[in-house]
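Reading through the structure tokens given below for one structure.
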2 protein chains.
Amino acid sequence: MNLPKSEEQLMLVLWKLKKAFMKDIVEAYPEPKPANTTIATLLKRLQDKKAVGFTKYGSVREYHPLIAKDDYFSSQMSGAIKNFFNDSVAQFASFFTSKDNLTDEQLEELRKIVDEQIKARKK
Amino acid sequence: MNLPKSEEQLMLVLWKLKKAFMKDIVEAYPEPKPANTTIATLLKRLQDKKAVGFTKYGSVREYHPLIAKDDYFSSQMSGAIKNFFNDSVAQFASFFTSKDNLTDEQLEELRKIVDEQIKARKK
DNA sequence: TAAGTTATTCTACATTTGTAGAAACACATT
DNA sequence: AATGTGTTTCTACAAATGTAGAATAACTTA
């Protein structure tokens with residue numbers, strides 16, 4: 001699933017809210033908010049794509065994501081890694097850790113996380 | 001700079017070749033190759049966007065990227081990290097190292113890279 | 001219940017993207 | 001010089017995207 005920017009934006013809002021009524025979505029939208037009907041259109045398109053679903057409370061709809069943020073992001077990442085680093089995670093990591101991409105602190109943080117992950121898997 | 005998929009594809013080819021004549025680009029294109037004129041169109045659009053430039057050898061043009069792959073990728077990443085992890089590299093790293101994103105080997109590899117980077121910076 | 005408010009769908013339209021034929025141009029070869 | 005070959009630009013057009021007004025449905029409240 002690869003969503004256009006505008007729909008991705010709406011998904012971000014919905015992922016944050018987890019579930020929401022129309023007004024909640026509008027409210028949570030970052031400035032500059034698009035017209036109300038614009039959001040509605042995006043919502044509609046996302047429903048067509050099965051990316052968003054809803055539960056009916058009477059005649060009111062409460063929307064919720066049908067795809068997980070993690071999954072979505074994960075697949076975006078894989079794509080990027082495949083394209084830009086011919087599928088080599090090492091190359092990707094290397095890129096990521098070098099240059100000005102991370103501060104010293106963030107790098108230390110990353111090591112900690114990696115270490116913990118390795119430890120966790122060892123068991 | 002945010003390029004559409006098709007143009008990104010052409011950039012990938014050009015980044016790999018570093019510089020190339022039309023025929024080199026066509027040749028290097030992954031299957032299924034689009035029509036020749038399709039590539040030409042993309043090339044044109046990329047020139048309009050100042051993403052690709054060329055040097056004239058007589059009447060022949062040798063094309064080359066005007067934007068660095070690293071820079072392009074870097075900005076794509078920042079965008080993604082900002083959106084999906086509210087700007088937290090730690091959150092990103094955490095996501096990246098957990099789940100099925102990396103095999104055990106890759107994880108060890110990553111640690112090595114991080115360690116080396118930390119060491120390199122210490123001096 | 002009439003009027004206001006909110007949500008939803010329809011319709012619309014400009015722009016961007018994906019794709020490529022047709023035409024024009026420059027060069028190589030017969 | 002006539003023809004073929006590769007390059008580049010023009011033109012074209014369908015599909016996707018970004019944006020939103022108009023119409024309609026449903027609910028709230030005076």
Side-chain angles (χ1 to χ4, degrees), chain A residues 1-14 17 19-67 72 75-76 79-80 83, chain B residues 1-14 17 19-67 72 75-76 79-80 83:
Chain A
M1 178 84 74
N2 203 342
L3 305 172
K5 288 292 165 221
S6 60
E7 287 169 25
E8 207 173 270
Q9 177 56 65
L10 176 26
M11 287 308 290
L12 284 172
V13 171
L14 207 50
L17 300 178
K19 50 185 184 165
F21 297 99
M22 182 62 187
K23 69 174 172 56
D24 302 320
I25 296 177
V26 173
E27 195 181 335
Y29 238 79
E31 298 295 347
K33 296 185 204 294
N36 223 292
T37 47
T38 297
I39 295 179
T41 299
L42 297 176
L43 210 39
K44 188 94 205 310
R45 290 180 183 167
L46 284 167
Q47 289 171 69
D48 294 345
K49 291 181 185 176
K50 313 285 184 204
V52 164
F54 61 81
T55 314
K56 258 190 163 165
Y57 286 109
S59 71
V60 195
R61 298 176 181 184
E62 186 180 50
Y63 297 97
H64 58 261
L66 286 182
I67 58 182
Y72 182 76
S75 83
Q76 297 297 299
N83 283 330
Chain B
M1 179 82 74
N2 204 340
L3 305 172
K5 288 293 167 222
S6 60
E7 289 170 23
E8 207 172 273
Q9 176 56 64
L10 177 27
M11 287 308 290
L12 284 172
V13 170
L14 208 49
L17 300 179
K19 50 186 183 166
F21 295 100
M22 182 64 188
K23 70 176 173 52
D24 302 320
I25 296 175
V26 173
E27 194 182 336
Y29 238 80
E31 298 295 347
K33 295 184 203 293
N36 222 293
T37 47
T38 298
I39 295 179
T41 299
L42 297 176
L43 211 38
K44 188 93 208 309
R45 289 179 183 168
L46 285 167
Q47 288 172 69
D48 294 344
K49 292 180 186 176
K50 311 286 185 203
V52 164
F54 61 81
T55 314
K56 257 190 165 165
Y57 286 110
S59 72
V60 196
R61 297 175 179 184
E62 186 181 50
Y63 297 97
H64 58 263
L66 286 182
I67 57 182
Y72 182 76
S75 85
Q76 297 297 300
N83 283 330

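All chains are named by letter (A, B, ...) in the order of the sequence lines, taking the proteins before the strands, and each is independently numbered beginning at 1. Bear in mind that the values here come from a model prediction, so they are computed numbers and not experimental data.
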In Å and rounded to the nearest 0.5 Å, what is the CZ to CZ distance from A:Phe21 to A:Arg61?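 The distance works out to 12.0 Å.
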Euclidean distance, B:Ile67 CD1 relative to B:Met11 CE, rounded to 0.5 Å: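 That separation rounds to 4.5 Å.
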Of all residues at least two apart in sequence or in a different chain, which pass the side chain to side chain donor-acceptor pair (under 3.5 Å) check with A:Lys5? none
To the nearest Å, give me how far apart CD1 (B:Ile39) and P (D:dT8) are. 12 Å
Without decimals, in angstroms, what is the distance between A:Lys56 NZ and D:dA25 P? 14 Å
A:Ala40 near the nucleic acid: base, sugar-phosphate alone, or nothing, with a heavy-atom cut-off under 4.0 Å?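 Base contact.
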Taking OP1 and OP2 of D:dA25, is either one under 4.0 Å from a side-chain nitrogen or oxygen of A:Arg61? no
Please state whether the phosphate of C:dT8, meaning OP1 or OP2, lies under 4.0 angstrom from any side-chain nitrogen or oxygen of A:Tyr63. yes
With the criterion being N/O to N/O and under 3.5 Å, what pairs connect the protein with nucleotides 12-18 of chain D, and how long is each?
| residue | atom | partner | partner atom | Å |
| --- | --- | --- | --- | --- |
| D:dG18 | OP2 | A:Ser6 | N | 3.4 |
| D:dG18 | OP2 | A:Ser6 | OG | 2.2 |
| D:dG18 | N7 | A:Arg45 | NH1 | 3.0 |
| D:dG18 | O6 | A:Arg45 | NH2 | 3.4 |

Is there any protein nitrogen or oxygen under 3.5 Å from a nitrogen or oxygen in nucleotides 24-26 of chain C, and what are the pairs?
| residue | atom | partner | partner atom | Å |
| --- | --- | --- | --- | --- |
| C:dA26 | O3' | B:Ser59 | OG | 3.0 |

By nearest nucleotide on DNA chain D, pick out whichever of B:Leu43 and A:Lys33 is the more 5' one. B:Leu43
For the side chain of A:Lys44, counting heavy atoms from C-beta on, which of C:dT9, C:dA20, D:dT7 is nearest?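 So the nucleotide nearest the side chain must be C:dT9.
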